[in-house]
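Remarks on the structure that follows.
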Amino acid sequence: MNMKSTHSNPPSRLLLALLASTLLSGFGPLRPTTLPPGSLGFADATVAFGSGVTALTSNPAGMAQRRENNVEVAIDRDLGRQGTSVLAAMIDSTSSSGLTAGVAYGYDNGSQVGAIKREGSNLRLGAAAGAGGPAGMVFIGGAMNRLKISHDDGKRREINGWTGDLGVVVALAGALRLGFSYRNIIELDPLETPQRMAAGMAIIASPVLLSSEGSWNLQGGMATYRLGAAAMLGDTLQIRAGYIHDSAQQDQSSQQVVCAGIGARFGRTNFDLGISVPISSPGDPRIGIGLTYNMPANFQ
């Protein structure tokens with residue numbers, strides 16, 4: 001979720017196009033446990049610019065956008081679904097070969113999804129690489145995703161198997177990012193792993209970042225709108241905000257959610273706090289906190 005800009009103000013028409021965008025986006029009815037709190041504060045609108053652990057889930061191609069070697073741990077609590085999940089992950093893009101690799105493990109200790117009691121784990125393994133020059137870069141990546149999840153609504157049901165994602169990010173002139181991702185190539189379960197296509201656009205104009213993205217079920221419907229914004233305050237503090245219009249609920253109802261978050265850097269350690277609040281039930285927020293350690297790397 002760290003911001004990085006290499007160019008000054010983008011053309012105003014690009015900014016207007018971003019703000020007016022009505023692209024669809026989402027992961028399906030359930031937020032993956034391998035998405036960290038920094039992404040939550042940004043409304044998870046990260047398919048075009050996300051890096052590190054965020055990219056491993058939202059668009060694996062984004063892992064190669066930054067040179068970093070990070071270890072991240074996080075925990076979040078969804079008061080609406082009465083569930084707690086934990087995350088541990090590592091991303092390394094410092095190889096002299098230019099290849100980025102990442103691994104993330106998330107575990108949900110038991111949440112309520114309608115009348116279903118849900119519990120289980122999510123393991124992601126991903127790789128990415130990029131090529132190009134000063135005028136533009138193209139990044140490609142893929143991730144394998146192993147789910148082992150049980151549903152219990154009086155009759156226990158197991159979802160156990162592998163699926164995966166493919167993604168592309170195009171960075172134009174440093175300021176404009178376009179991202180595309182095919183999520184859940186193998187649909188193990190329509191609730192847990194719906195097949196979705198995602199597309200997004202981000203503008204990085206230091207110290208501000210703006211993003212809009214979209215995805216839809218390949219079978220149609222289940223649409224969600226997301227917008228995100230972030231700004232750096234000095235060299236150590238980032239503030240984030242976002243909005244979600246989510247029609248990918250289990251019962252295909254719509255939900256509006258507002259999001260906010262902060263990120264702070266202390267030496268090699270980053271702290272992230274994210275919160276999402278459904279407008280219809282503000283007493284049921286989702287809150288996540290995370291720590292990231294940036295390990296020393298010998299760039300070659």
Side-chain angles (χ1 to χ4, degrees), residues 1-6 32-42 44 46 48-77 85-107 123-130 137 139 141 143 169 171 174 177 202 204 206-209 211 228-241 259-275 287-300:
M1 272 297 299
N2 293 332
M3 292 169 52
K4 184 178 181 180
S5 174
T6 57
T33 56
T34 50
L35 275 173
S39 176
L40 178 64
F42 198 79
D44 294 324
T46 53
F49 79 93
S51 63
V53 178
T54 295
L56 180 57
T57 300
S58 66
N59 183 352
M63 292 190 297
Q65 292 193 84
R66 292 177 57 88
R67 299 296 299 271
E68 56 189 350
N69 188 7
N70 294 339
V71 174
E72 183 166 354
V73 293
I75 184 170
D76 78 55
R77 174 71 175 172
S85 62
V86 295
L87 165 66
M90 180 178 180
I91 303 292
D92 187 358
S93 58
T94 63
S95 167
S96 60
S97 68
L99 183 68
T100 299
V103 57
Y105 177 81
Y107 180 78
L123 172 67
R124 288 182 186 265
L125 307 170
M137 294 281 293
F139 305 93
V169 173
R177 306 290 172 94
I204 303 172
S206 184
V208 175
L209 183 150
S211 182
M232 290 296 299
L233 302 179
D235 296 328
T236 61
L237 185 65
Q238 184 186 65
I239 58 172
R240 304 158 184 154
C259 304
I262 60 170
R265 183 186 304 128
F266 305 97
R268 292 189 175 275
T269 302
N270 293 348
F271 168 80
D272 290 295
L273 170 67
I275 181 171
I287 303 171
I289 57 173
L291 289 174
T292 303
Y293 180 70
N294 305 290
M295 294 185 289
N298 181 23
F299 297 136
Q300 299 181 15

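Annotation: side chain to side chain contact (heavy atoms under 4.5 Å, CB included) contacts of Y105 (sequence neighbours excluded): Y107, S121, L123. Partners of A48 according to the side chain to side chain contact (heavy atoms under 4.5 Å, CB included) rule, which considers only residues two or more places apart in sequence or in another chain, are R177, A202.
If you take CD on E72 and CG on N294, they are separated by 9.5 Å, rounding to the nearest 0.5 Å. For the atom pair D92 CG and N69 CG, the distance stands at 4.0 Å (nearest 0.5 Å). Between the CE atom in M137 and the CD atom in Q65 there is a gap of 9.0 Å [rounded to 0.5 Å]. Atom CE of residue M232 and atom CG of residue L209 lie 11.0 Å apart, to the nearest 0.5 angstrom. Note that CD of Q238 is 10.5 Å distant from CD1 of I262, once rounded to the nearest 0.5 Å. Here the straight-line distance linking atom CD1 of I287 with atom CD1 of I275 works out to 4.5 Å at 0.5 Å rounding.
Considering all non-hydrogen atoms of both residues, P36 and T54 come closest at CG-OG1, 3.3 Å. Of all heavy-atom pairs spanning G38 and D272, the tightest one is N-CB, 4.0 Å. Here the shortest heavy-atom pairing between G62 and V169 reads N-CG2, 4.0 Å. The shortest heavy-atom contact between G102 and L56 is C-CD2, 4.1 Å. Among all heavy-atom pairs drawn from T34 and G106, the shortest one is CG2-N, 3.8 Å. Residues P37 and A74 approach most closely at CD-CB, 3.5 Å, considering heavy atoms.
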Next on the checklist: With side-chain contact (heavy atoms from CB on, under 4.5 Å) as the criterion, how do T100 and F139 come out once you've worked through the C-alpha distance, each side chain's angles and the decisive distance to 0.1 Å?
Outcome noted: CA-CA 11 Å; T100 299; F139 305 93; over 6 Å; no
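Proximity of a side-chain donor or acceptor of S211 to a complementary backbone N or O of G228 within less than 3.5 Å is not detected. With hydrogens and angles ignored, the 3.5 Å screen pairs a side-chain donor or acceptor of S93 with a backbone N or O of E68.
In summary, the side chains of T46 and S58 do present a donor paired with an acceptor at a separation below 3.5 Å, with no hydrogens or angles considered.
Using a 4.5 Å heavy-atom cutoff, the side chains of L87 and V53 are in contact.
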